[in-house]
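First up is the structure itself, then whatever we jot down about it.
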Amino acid sequence: MKKALITGVAGQDGSYLAEFLTEKGYEVHGVDRSDGDLLDPLFISNLVSKKFDEIYNLASVSTVQDPWEDPIGTVRSCGEVPLLFLQAVRSLSPKTRFFQASSAEMYGEPVESPQNEQTPFHPKKPYAYGKLLAHQAIEGYRKNHGIFAVSGILYNHESPRRHERFVTRKITSSLAKIKKGTLDCLTLGNLDTKRDWGFAGDYVRAMYLMLQAKAPNDYVIATGEVHTVREFVEAAAQALGMKLAWSGTGINEIGKTEDGRVIVKVSKEFYRPSEGKIFFGENNKIKKDLNWRPEVPFLQLVEMMVKADLEK
């Protein structure tokens with residue numbers, strides 16, 4: 001029986017991965033913030049000394065919305081923790097395979113669209129600085145010390161387990177409340193913002209496949225499809241049996257139901273100007289090498305999230 005360790009096991013990705021590996025017959029161990037300090041080298045060493053077959057490092061700050069609130073802590077969480085793991089693996093358990101959850105945030109303002117494994121990184125936030133540090137350390141330990149270490153460059157991946165401070169869950173939970181009559185209106189930022197949204201359950205499957213490969217390699221994990229925030233709202237409303245009609249532009253845009261109720265507004269508080277290059281990933285490499293493809297399409301993902309919120 002293989003033995004795996006998951007950091008950040010209580011989060012969205014960690015919980016899906018724990019279930020996935022358990023179904024595969026793994027003995028799964030997990031740690032979260034309540035179990036110990038991942039910035040403590042002794043704590044990390046004690047974990048790695050248990051000789052796990054696989055370690056999945058999914059722990060970091062839970063959101064990138066307030067990147068400058070604690071920039072040093074953010075960089076340490078995202079960058080130093082993976083370094084501690086890599087050094088401990090090198091010293092104590094060199095046969096352990098290590099997965100690092102990198103982020104498409106490392107591209108910053110991308111120079112090309114779609115982005116792939118060769119697209120230059122231009123991080124703009126402390127979260128991305130830390131993720132890039134870890135991403136580069138993975139390559140260094142792989143080349144210099146022969147560690148089976150890989151980075152998955154993850155694009156936005158959602159599920160009913162996503163926290164409500166993320167815009168996707170904010171949309172689905174708010175519209176479910178509007179449907180139930182416990183909320184009047186959903187307030188958002190730029191409805192034209194485009195993102196590559198996939199299902200978290202599909203993405204943890206990609207993580208697993210990366211550690212089963214014959215040779216370690218880094219991969220973009222993305223759907224390769226782009227949808228606007230407006231499309232996400234429309235899909236969520238449709239799943240609830242509500243049809244929206246839009247009027248106005250920019251911060252004056254509103255969404256009305258067929259009976260004339262305004263249930264979607266735009267606010268300067270959440271508004272960001274239109275972006276340059278479109279932010280989405282090219283997944284050709286992982287499709288070719290590992291035969292991975294996302295199985296849950298966009299509309300099914302939105303419907304899944306909406307129905308889960310409606311049941312709550």
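Please read all numbers here as calculations on a predicted model, not as lab measurements.
Looking at heavy atoms from C-beta onward, Lys256 lies out of side-chain contact with Leu244 at the 4.5 angstrom threshold. Contact annotation: the side chain of Asp184 never approaches that of Ile178 to less than 4.5 Å [non-hydrogen atoms, C-beta and beyond]. By the 4.5 Å heavy-atom criterion applied to side chains, Asp37 and Arg33 are not counted as neighbours. For the pair Leu186/Lys170, a side-chain contact is recorded, criterion being any heavy-atom separation below 4.5 Å from C-beta on. Using a 4.5 Å heavy-atom threshold, the side chains of Glu158 and Met305 count as touching. Side-chain contact between Asn217 and Val150 is absent, with no heavy atoms from C-beta onward closer than 4.5 Å. Within the 4.5 Å cutoff, the side chain of Lys180 has heavy atoms near those of the Leu310 side chain. Between Phe99 and Met210 there is a side-chain heavy-atom pair separated by less than 4.5 Å.
The hydrophobic cluster containing Phe52, built from Ile/Leu/Val/Met/Phe/Trp/Tyr side-chain heavy atoms closer than 4.5 Å, also comprises Leu5, Val31, Leu38, Leu39, Phe43, Ile44, Leu47, Val48, Ile55, Val81, Leu83, Leu84, Phe85, Leu86, Val89, Leu92, Phe98, Leu133, Ile138, Tyr141, Ile147. Summarising the hydrophobic clusters (Ile, Leu, Val, Met, Phe, Trp, Tyr; side-chain heavy atoms under 4.5 Å, direct or chained), the residues clustered with Ile254 are Val262.
The two residues Ile6 and Leu21 have their closest heavy-atom pair at CD1-CD1, 4.2 Å. Taking every heavy atom of both residues into account, Gly255 and Trp246 meet most closely at CA-CE3, 3.7 Å. In plain terms, the two heavy atoms of Ala308 and Pro160 that are nearest each other are CB-CB, 3.5 Å. Closest heavy-atom contact between Ala134 and Pro82: CB-CG, 3.6 Å. In this structure, Val220 and Glu117 approach most closely via the heavy-atom pair N-OE2, 2.8 Å. The two residues Tyr127 and Cys78 have their closest heavy-atom pair at CD1-SG, 3.7 Å.
Within the structure, the salt bridge (charged side-chain N to carboxylate O under 4.0 Å, His left out) test picks out the following pairs touching residues 210-227 (sequence neighbours left out): Arg142-Asp218. Listed by first then second residue, pairs satisfying ring pair (Phe, Tyr, Trp, His ring centres under 6.0 Å) with a partner in residues 281-312 read Tyr203-Trp292, His227-Phe298, Phe232-Phe298, not counting sequence neighbours.
Here the CD1 atom belonging to Ile221 is positioned 10.0 Å from the CG atom belonging to Asn283, to the nearest 0.5 angstrom. Interatomic distance, Asp309 CG to Lys177 NZ, rounded to the nearest 0.5 Å: 8.0 Å. Note: Lys131 NZ to Lys125 NZ = 14.0 Å, rounded to the nearest 0.5 Å. Separation of atoms CD1 (Ile153) and CD (Gln100) is listed at 11.0 Å; rounding is to 0.5 Å. Residue Thr228 holds its OG1 atom at 9.5 Å from CG of Asn190, rounded to the nearest 0.5 Å. Atom CD1 in Ile251 sits 8.0 Å away from atom OG in Ser267 (nearest 0.5 Å).
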Evaluation steps, side-chain contact (heavy atoms from CB on, under 4.5 Å), between Tyr56 and Met207: CA-CA 8 Å; Tyr56 297 83; Met207 299 174 191; 4.2 Å; yes

Steps toward side-chain contact (heavy atoms from CB on, under 4.5 Å) verdict (Leu175, Val306): CA-CA 8 Å; Leu175 288 181; Val306 167; over 6 Å; no

Working for side-chain contact (heavy atoms from CB on, under 4.5 Å), residues Lys24 and Tyr208: CA-CA 10 Å; Lys24 290 284 184 183; Tyr208 165 78; 4.0 Å; yes

side-chain contact (heavy atoms from CB on, under 4.5 Å) assessment of Met304 paired with Phe199: CA-CA 10 Å; Met304 175 198 309; Phe199 172 50; 3.6 Å; yes

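Between the side chain of Asn144 and the main chain of Gly140, a donor-acceptor pair closer than 3.5 Å is present. Side chain of Ser77 to main chain of Thr74: no donor-acceptor pair is present (N/O by atom type, distance under 3.5 Å, no hydrogens or angles).
Residues Arg205 and Glu295 are paired through a salt bridge, judged by an N-O separation under 4.0 Å between the basic side chain and the carboxylate. For Glu303 and Lys307, the salt-bridge test passes: some basic side-chain N is under 4.0 Å from an acidic carboxylate O. Note on Glu231 versus Lys194: no salt bridge recorded, every NZ/NE/NH1/NH2 to OD/OE distance being 4.0 Å or above.
Under a hydrophobic-cluster definition in which Ile, Leu, Val, Met, Phe, Trp and Tyr are linked whenever side-chain heavy atoms come within less than 4.5 Å, directly or via other members, Tyr271 and Ile171 are assigned to the same cluster. Residues Phe270 and Phe166 do not share a hydrophobic cluster, clusters being chains of Ile/Leu/Val/Met/Phe/Trp/Tyr side chains in contact below 4.5 Å. A continuous path of ILVMFWY side-chain contacts below 4.5 Å connects Val75 to Trp68, so both sit in one hydrophobic cluster. The hydrophobic cluster containing Val229 also contains Leu299, counting ILVMFWY residues as joined when their side-chain heavy atoms lie under 4.5 angstrom apart, directly or transitively.
For Lys268, the NZ atom sits in a loose shell: 12 or fewer heavy atoms of surrounding residues, nucleotides or ligands are nearer than 6.0 Å. Counting non-hydrogen atoms of other residues, nucleotides and ligands closer than 6.0 Å to NZ of Lys287 gives a total above 12. For Lys265, the NZ atom sits in a loose shell: 12 or fewer heavy atoms of surrounding residues, nucleotides or ligands are nearer than 6.0 Å. Atom NZ of Lys51 has more than 12 heavy atoms from other residues, nucleotides or ligands within 6.0 Å.
Using a 3.5 Å distance cut-off with no hydrogens or angles, the side chains of Thr223 and Asp196 do pair a donor with an acceptor. No side-chain donor from either of Asp202 and His157 sits under 3.5 Å from a side-chain acceptor of the other.
Every side-chain hydrogen bond (donor to acceptor under 3.5 Å, both in side chains) that Gln12 has, sequence neighbours left out, goes to Ser159. When the salt bridge (Lys or Arg N to Asp or Glu O under 4.0 Å) test is applied to Glu19, the partners found at least two apart in sequence or on another chain are Arg161. Tyr155 pairs by the side-chain hydrogen bond (donor to acceptor under 3.5 Å, both in side chains) definition with Gln115, not counting sequence neighbours. Under the side-chain hydrogen bond (donor to acceptor under 3.5 Å, both in side chains) criterion, Arg97 pairs with no residue at all, not counting sequence neighbours. In this structure Ser34 satisfies the side-chain hydrogen bond (donor to acceptor under 3.5 Å, both in side chains) test together with Asp32, sequence neighbours excluded. Not counting sequence neighbours, the partners of Phe121 by the ring-ring contact (aromatic ring centres under 6.0 Å, His included) test are Tyr107, His135. Residues that satisfy the side-chain contact (heavy atoms from CB on, under 4.5 Å) test with Ser91, not counting sequence neighbours, are Gln87. By the salt bridge (Lys or Arg N to Asp or Glu O under 4.0 Å) test, Lys2 pairs with Glu54, sequence neighbours left out.
Test Thr187, Leu183, Ile263, Val264 against Ser174 for side chain to side chain contact (heavy atoms under 4.5 Å, CB included) and you get one pass: Leu183.
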